[in-house]
Amino acid sequence: MTEEIIIAGFGGQGVLSMGKILAYSGIMQDEEVSWMPSYGPEMRGGTANVMVILSSERISSPYLKVFDTAIILNQQSLDKFQDSVKPGGVLLYDPNGITIHPTRTDIEIFQIEGNKLAVDMGNAKISNMIVLGAFLKIKPIVKLDNVIAGLKKSLPDRYHHLIPLNREAITKGMNNLKPFLVAEMILK
Amino acid sequence: MAELKLMKGNEALAEATIRAGADAYFGYPITPQTEVIEYLMEQQPEKRTGMIVLQAESELAAINMVYGAASTGKKVMTSSSSPGISLKQEGISYMAGAELPGVIVNVVRGGPGLGTIQPSQADYFQSVKGGGHGDYKLYVLAPASVQEMSDFVEDAFDIAFKYRAPVLILSDGIIGQMMEKVYLKDQKPRMTNDEIIEKYGNWATTGKKGRERNIITSLDLQSEKMEKRVHRLMKKYKQMEAEDLRFEKIACDDADYLIVAYGSSARISQKAVELARKKGIKVGLLRPITLFPFPKKALFDLANQVKGILSVELNAGQMVEDVRLSVEHKVPVEHFGRTGGIIHTPEEILEALEQKIINNGSIRHHKTRESSIL
């Protein structure tokens, strides 16, 4: 198994930490992992992105041009990375703030209302975990138990009381995933 | 039992420094290397092992603190990124001249000048061709993974003390900033003065009670003595070439074409090799792990087997010169690399290999010319 993922959005949306939790979850089930962030001026306000690879084999390049999955949280990132999804790959995005929707017909596209659902849950910061849940519904590459184990390992003790909330958010994401059909959008 | 962690390259290097039993770290923050000093400050190693961590007032101060501490036989490190490493060159040259052990880490960013904070490998020349003034070389280790960022710290200290010479770990923004699995080695105790003397000889300024005084200097105004010193240094470098050269060959056995790349470029090139082999093109990768000593003979030998070589570096063409010198014009050698902080993709590397080497008419021409000479 090898899954090559790009996660992109605004700095502060939890892009890098979503990638980190995914990487930690991979370690919990003995996968090889790599996490390659953009660390430039982007993280100070513009777009942030991270390339995450989980594989049962040794990972060669941590830096890639095309991905099995793109997880997208803002318009700029959608514009930039829509074409980086391999044919037959997956594009998952949060429609919040998106005015120009994806147009590719050779990939699978899904929506998750991460931001809206997180606000409904009373904590906007949890939106990245809702999105992660949606991704794991599409591609169950790591078990939920391993995500929780990864969270325990990556979070300092003082945040461990938030783990049940994170689990709830992941489950919410799994249950609220919507396929997005480009054709329907064009007909509208 | 080695401890498994998910860490950034910079953090793994910092943790490995504590665990290697280092006595001190002197540094100054600069992107993309700041996590080294940040991590060390957080860890408070003075409580764990007694190791000292100090943020100096400048890079210049830091390297001279390294010079001072190394003079007393201590295991010391400094780290920085490209512009900061330029500032340290005077101190590094003095350390080489005074024959002092020490580890310098460069997490390279794009230059020249302040350049960019994004990854680069444009400090190859500076690392292997001097950098500072005078007849000296640095033993240069180029890690290509977070694991190697950790492992190479102890290796670097071993080499530094074996030869009484400064050692450079040449990393870059990719390897420094990315996270991977890392197996951390167990904590080694810091060495006592007596242990250092027993293992590495009695050369340091540890107090002259009961012996003649030791003098640490790079100055010899008598030309004959200075020449002797230079010859002594050259002898060390010959020995490094004979005993401590390191490189890795990947998929070279049946290769028709060869990529030479180190550090992060080697990782990206390895993916290009995988893509090429999927297309039926037999490409191999030679990864120099030490940039000095350079794997000249391995390259010379491979040049009898392959039809052309591409040197892939995140710069405008530096290591390619050493590759050309190594293969002595037996096969064409070309360079490919992005600059300015842009990272080349595996696809770009494969495309460059096809354009510059595989489908390049000059390769056929090269062969013809060779046969016409024969």
Side-chain angles (χ1 to χ4, degrees), chain A residues 2 4-7 15-44 48-67 81 83-84 86 142 146-147 149-156, chain B residues 4-10 31-35 42 107 109-110 116-119 144-147 172-183 250-251 261 263-275 277 285 287 312 314 338 340-351:
Chain A
T2 297
E4 297 168 337
I5 306 161
I6 179 127
I7 310 172
V15 164
L16 299 185
S17 53
M18 194 198 313
K20 194 172 165 182
I21 290 157
L22 202 49
Y24 255 113
S25 316
I27 287 187
M28 292 300 140
Q29 50 190 54
D30 236 3
E31 308 283 356
E32 296 299 320
V33 300
S34 75
W35 177 93
M36 172 72 216
S38 60
Y39 63 85
E42 301 103 316
M43 63 187 277
R44 289 148 183 123
N49 70 70
V50 60
M51 298 174 187
V52 179
I53 306 172
L54 273 72
S55 179
S56 41
E57 281 153 52
R58 182 179 157 184
I59 294 165
S60 51
S61 179
Y63 189 84
L64 300 170
K65 186 185 174 190
V66 287
F67 303 88
F81 293 113
D83 290 339
S84 307
K86 292 179 197 172
V142 287
N146 287 326
V147 179
L151 272 170
K152 273 185 190 147
K153 186 136 183 167
S154 63
L155 287 175
Chain B
L4 173 64
K5 284 210 163 185
L6 179 70
M7 284 181 127
K8 282 191 172 192
N10 287 337
T31 308
Q33 163 278 161
T34 302
E35 289 85 2
E42 264 169 24
V107 184
R109 60 190 247 180
T116 166
I117 61 173
Q118 302 293 345
S145 63
V146 174
Q147 186 64 52
D172 63 57
I174 298 177
I175 305 294
Q177 292 294 326
M178 72 185 281
M179 286 202 291
E180 284 184 305
K181 269 195 210 179
V182 54
Y183 292 92
I250 296 164
S264 56
S265 277
R267 294 285 296 273
I268 303 168
S269 296
Q270 202 185 328
K271 182 92 179 180
V273 169
E274 290 164 17
L275 295 176
R277 286 191 172 257
L285 171 67
R287 171 169 84 98
V312 178
L314 283 168
R338 301 297 301 265
I342 296 174
I343 306 167
H344 32 235
T345 62
E347 287 80 359
E348 278 179 323
I349 294 172
L350 179 55
E351 200 186 313

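Separation of atoms OG (A:Ser61) and CD1 (B:Ile349) is listed at 7.5 Å; rounding is to 0.5 Å. Note that CD of B:Glu180 and CH2 of A:Trp35 are 12.0 Å apart. Values are rounded to the nearest 0.5 Å. Taking NZ from A:Lys65 and CG from B:Leu275, the interatomic distance works out to 10.5 Å, rounded to the nearest 0.5 Å. With values rounded to the nearest 0.5 angstrom, A:Tyr63 atom OH is found 8.0 Å from B:Ile268 atom CD1.
A donor-acceptor pair under 3.5 Å is absent between the side-chain atoms of A:Lys153 and the main chain of B:Lys5, judged by distance alone.
Each of B:Arg267, B:Met178, B:Lys8 has some count of heavy-atom pairs under 4.5 Å with chain A, and the biggest count is that of B:Arg267.
Heavy-atom distances place the side chain of B:Glu347, and not its backbone, under 4.5 Å from chain A. Of the two parts of B:Glu348, neither the backbone nor the side chain holds a non-hydrogen atom closer than 4.5 Å to a non-hydrogen atom of chain A.
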Under 3.5 Å donor-acceptor pairs involving side-chain atoms of residues 52-59 of chain A, not counting sequence neighbours:
| unit_1 | atom_1 | unit_2 | atom_2 | d |
| --- | --- | --- | --- | --- |
| A:Ser55 | OG | A:Met1 | O | 3.4 |
| A:Ser55 | OG | A:Thr2 | OG1 | 2.8 |
| A:Ser55 | OG | A:Glu57 | N | 3.0 |
| A:Ser55 | OG | A:Glu57 | O | 3.2 |
| A:Ser56 | OG | A:Met1 | N | 2.8 |
| A:Ser56 | OG | A:Met1 | O | 3.2 |

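By the side chain to side chain contact (heavy atoms under 4.5 Å, CB included) test, B:Ile250 is found to be paired with B:Glu248, B:Gln270, B:Leu285, residues two or more places apart in sequence or in another chain being considered.
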